[in-house]
Every structure is written in C-alpha cells, then in structure tokens.
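This report concerns only the one structure given below.
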Amino acid sequence: MRPVSMIVVGAGQRGAGYARWAWRNPGRASVVAVAEPDGVRRARLAAEHGIAAGNAVADWRQLAERGRLADAVLICTQDRMHTEPAEAFAALGYHVLLEKPMAPDEAACRRIVAAVEKAGCILAVGHVMRYTPYTRAVKEIVDSGQLGDIMSVQHLEPVGFWHHAHSYVRGNWRRGDIAASMLMAKSCHDLDWLQYILGRVPLRVSSFGSLTHFTPASRPEGAADRCAGCAAEADCPYSAPRFYGELLRRGEHGWPLSVVVDEFTPAALDEALRDGPYGRCVYACDNDVVDHQVVALEFPGAVTATFTMTAFSEAAPRRTRLFGTRAELAGDGRTIRVYDFLTRAERLMTPVPADSVHTADGHDGGDAGLMEAFTAAVATGDRAMIKSGPRESLASHLAVFAAERARLNGTVETIPPLT
Ligand SMILES: NC(=O)c1ccc[n+]([C@@H]2O[C@H](COP(=O)([O-])OP(=O)(O)OC[C@H]3O[C@@H](n4cnc5c(N)ncnc54)[C@H](O)[C@@H]3O)[C@@H](O)[C@H]2O)c1
C-alpha cells in the first residue's frame, strides 16, 4: 500500500494525535501541510513532521486556496468549525477525515454529506469507538447470532467527575452555543455505537436530563471564584490544583494536562490555574450543558435500549449489557462476558489491544483503528474499510438531534429518515 499524503486542519489535541500516528507509521501516511492559528502548536507539528515553512499556515482557507496539495485532509477544528472546511476540501477532491460531531445542526450535517457525495470522495467521521478491538469483538459476537435476537440493551457512559469538570464545566465543551449539547459532544459516540452494534437505525427516542449540580446553587459556603486561595478547596472533589497538580507530579504530560499548559512546570500550572479557565470554581463557571442524562430508544424489531450519561462516577470505560433471547453479554470496555441460557456456561474474553495502541488518550485503540482504516481506504479506494462513513454517521447524528429535542420539549421524537 502506498503512503497517503495528508494535511492537518487544526493542530490541537486531536489533529496532533492523528498526525503522531502518521509519524509512527511512515509507510502508511505522511503529513505535508498544517493550518493552525496557534503559533506554538503550528510550529510543534511542523517541526515533528518536517513541514516546509510555506506549508505551515494560520488558517485552513490558506491551504484551500492552493488547490489539492495532498490525498487527504484531517479536519480537527472545534465543533462549530467543521462544515465550511469539509465542504471546501471535499470540493477540491480531498478525502476527508472529519472529527465528530460533524456539525452543530441537521442541515449542516446534510450539507457535508451532500458535498462529499457530489465530490465522490471518502469521508470518515471520528466515531473512533467503532474501530476498537473491544468493539470488533462485541460486534462479532452479536453478528454470530450466539446471543439470539437482542431484545434490550443497557448502556452506561460514566464520564467521570474530573473529566466532566475538565471538559464540560470549565473546558471547551461547557456550553451548547460554543460547542454542542452534552449528548452531541460526548455521547454521539454512544448513540452511534448502539446503532453500529445492533446493525440498525433507531426509530423513536425520549430523553430526560439537566444541569443540576455544577451551578451556583451548589457552591459551598465561603468558596472563592477560583480554586487558588479558596477556603473550601481542601474538601472539594473538583479541586483543579489537586487534579492537575497530581498529573504534573506524576509526569503525565498528555491529555488533559496538555490542554491546560504548554509548559510542564509548577510555575506555568500555577499561572494557568490563577488566570485561565481551568482554575475556575466548578460552581462559578459559564457552563450550561447537562451533567446527567438518560435516553430511551426504540429500534426496528421492537428492540429497546436505554443509555445513561453521568458526570457523577469514577472516570471509567463505558459499560454495556446486551440481552438476547439465547444469551446475555456484559462488557466493560475491556472484558466481555457471555452467559449462555442453554448451557448456563459463562465465557470471558479480553480482546487484545491493537499493537498500535501507544497512548492512554488513544480511545483504547480507536484512534489508531480509525487512522488505519482511513489511510487504507484512501490508498486502495476500498470504502468498505470505513465503518463511519457519511450515511451511517448522519443517521446517528439525527438520533442525537432527536434525543435533544425530546429532552428539551418533553416529547417522544420520531427520528427522521436519512433522505
Ligand atoms: N473522536 C473523538 O473521540 C474526539 C475526542 C475529543 C475531541 N473530538 C473533537 O475533535 C475536534 C477537535 O478537538 P480538540 O480537542 O483537538 O480541540 P483543540 O481546541 O485542541 O483543537 C482545535 C484546533 O483548531 C484550531 N483552529 C481554530 N481555527 C482554525 C482555523 N481557521 N484553521 C485551522 N485551525 C484552526 C485551534 O487553534 C485549535 O488548536 C472537536 O470537534 C472535538 O469535539 C473528538
């Protein structure tokens, strides 16, 4: 297979992460240009990949103006900055790896699908959970029929107290108007995963949930607006100095610490927590996304599924139970247990992580799995390698939009058809 040339749009956490996969797999892909307004990030990625100065620019439009420079583009800008570059680079003939969520509303998602279908290019959406060894094993069990017909599903996303505080109270995904709903920002993966595992698109949905805890009403008496110097800090599970300080002491410089500081020193961290968003009191932020939510789904064949997202947990992998007519499967993101009703025997499996799982932030091999599939599809032209193409990604986004409507309006929503 020939190596695929790529340009990176947005050299933040995701863009830099995917680019690192290319760096580790030079026979599969190379990064030839980058667009990133932040000078530190741009220079770092350009240096890592030996990118010529003229190919390291501040804005994606500067690359789009130059026609097609590479086989593919990785669009890793923030949630509300996906549609325009996706349309522009597809029109230029680039194959596109687009981070989830595709776009903040249904019309924009449909525009992206129309653009890639018109251009005839490959689109892979960043639904990395479809690409993990764990998911592959669950999917094989379901498709083998050994569970019988799946009747019900219970799926839990324990976001975790510190992860929620980091990303969804203090961080980039704290507000619907600057990012997306919580369900879209975090749990679009889960609704997408359920659709993938069950092999069908849901029909109807209802949902409840709210922002209840991370509000001024929960603020302890005497708490300050920032953790630094706060009288309540020692007793607060959401203390930023404790959380980020421990990561710094342990030398864990990847995500999430790398979101807070560029320089890994106590002085840089103190300054970031004193002045920046990540040192704010979790009860005094401008957040509005929910901190807990449930979604109930009905799939064809009368299959029912419930999904729970909660901030109030240990940060842990998703947990799932699939209830079939012949067996029950319980998975915790690592180990899969199948209990067979006929034999009453139990089988335990621990799918081996892919060789290419290098970092803790690689979504259990999902990031590497997506890059492997995307680069192979681009190199060979075999689109079947993409598990998260335009149509299936649009379908799961439509389910998320419908679930949010159901939550906000107190309704049961019918999920609109794809066309
Ligand atoms: N697939 C997943 O599991 C997963 C996980 C985390 C985040 N995401 C998604 O990935 C996307 C990126 O997230 P992130 O954490 O890397 O964000 P980030 O903020 O770290 O990176 C985004 C980058 O885009 C850059 N940018 C802004 N304007 C630009 C422009 N005009 N041209 C080029 N670059 C520009 C920003 O400066 C920033 O460095 C988001 O949509 C996010 O929701 C997906």
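One-based numbering along the sequence shown. Counting starts at 1 for both ligands and their atoms, in listed order.
Counting only heavy atoms from C-beta outward, the side chains of Leu194 and Leu297 approach each other to under 4.5 Å. Proximity of Tyr94 to Leu69: side-chain heavy atoms (C-beta onward) are separated by under 4.5 Å at one or more points.
Regarding atom 30 (C) of ligand 1, its nearest protein heavy-atom neighbour is Trp60 CD1, 3.8 Å. Protein heavy atom at the shortest distance from atom 15 (O) of ligand 1 is Trp173 CH2, 3.4 Å. The protein non-hydrogen atom at the shortest distance from atom 10 (O) of ligand 1 is Glu99 CG, 3.1 Å. Atom 12 (C) of ligand 1 has Cys76 O, 3.3 Å as its closest protein atom, hydrogens excluded (heavy atom only). For atom 24 (O) of ligand 1, the closest non-hydrogen atom of the protein is Gly10 CA, 3.5 Å. For atom 9 (C) of ligand 1, the nearest protein heavy atom (residue, atom name, distance) is Lys100 O, 3.3 Å. Nearest to atom 33 (C) of ligand 1 among the protein's heavy atoms is Ala35 O, 3.3 Å. For atom 26 (N) of ligand 1, the closest non-hydrogen atom on the protein side is Pro37 CD, 3.5 Å.
Checked against salt bridge (Lys or Arg N to Asp or Glu O under 4.0 Å), Arg110 has the following partners two or more places apart in sequence or in another chain: Glu106. For Asp190, the salt bridge (Lys or Arg N to Asp or Glu O under 4.0 Å) partners are Arg318, not counting sequence neighbours.
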Test log, rule side chain to side chain contact (heavy atoms under 4.5 Å, CB included), inputs Arg347 and Gln146: CA-CA 12 Å; Arg347 199 155 60 92; Gln146 57 187 285; 2.6 Å; yes
Check against side-chain hydrogen bond (donor to acceptor under 3.5 Å, both in side chains), Tyr18 and Glu99: CA-CA 11 Å; Tyr18 289 129; Glu99 259 307 352; 2.7 Å; yes
Worked verdict on Tyr131 versus His363 for side-chain hydrogen bond (donor to acceptor under 3.5 Å, both in side chains): CA-CA 9 Å; Tyr131 297 88; His363 292 109; over 6 Å; no
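Atoms of ligand 1 lying under 4.0 Å from at least one heavy atom of Val128, given by number and element, are 3 (O). Those atoms of ligand 1 that come under 4.0 Å of a heavy atom in Arg41, given as number and element, are 20 (O), 38 (C), 39 (O).
With a heavy-atom cut-off of 4.0 Å, His82 touches ligand 1 through its side chain alone.
Side chains of His213 and Tyr283: a donor-acceptor N/O pair is present below 3.5 angstrom, by distance only.
The existence of a salt bridge linking Asp364 and Arg334 is confirmed by a sub-4.0 Å separation between a basic side-chain nitrogen and an acidic carboxylate oxygen. The pair Arg337-Asp332 does not count as a salt bridge, with every side-chain nitrogen at least 4.0 angstrom from each carboxylate oxygen. A salt bridge links Arg111 with Glu87: the distance from a Lys NZ or Arg NE/NH1/NH2 to an Asp or Glu carboxylate oxygen falls below 4.0 Å.
Using a 4.0 Å heavy-atom cutoff, Ala185 is absent from the residues neighbouring ligand 1. For Trp255, the heavy-atom gap to ligand 1 stays at 4.0 angstrom or more.
Here atom 19 (O) of ligand 1 lies nearest to Gln78 when heavy atoms of His363, Arg14, Gln78 are compared. Evaluated by nearest non-hydrogen atom to atom 23 (C) of ligand 1, the leading choice among Met129, Gln62, Glu36 is Glu36. The residue from Val34, Asp79, Thr77 that puts a heavy atom closest to atom 11 (C) of ligand 1 is Thr77.
Between Asp59 and ligand 1, at least one pair of N/O atoms sits closer than 3.5 Å. Residue Ala11 places no N or O, backbone or side chain, under 3.5 Å from any N or O of ligand 1. Polar contact with ligand 1: present for His189 (N/O pair, distance under 3.5 Å).
Residue Asp192 forms a side chain to side chain donor-acceptor pair (under 3.5 Å) with just one option from Lys100, Arg130, Lys387, and that option is Arg130.
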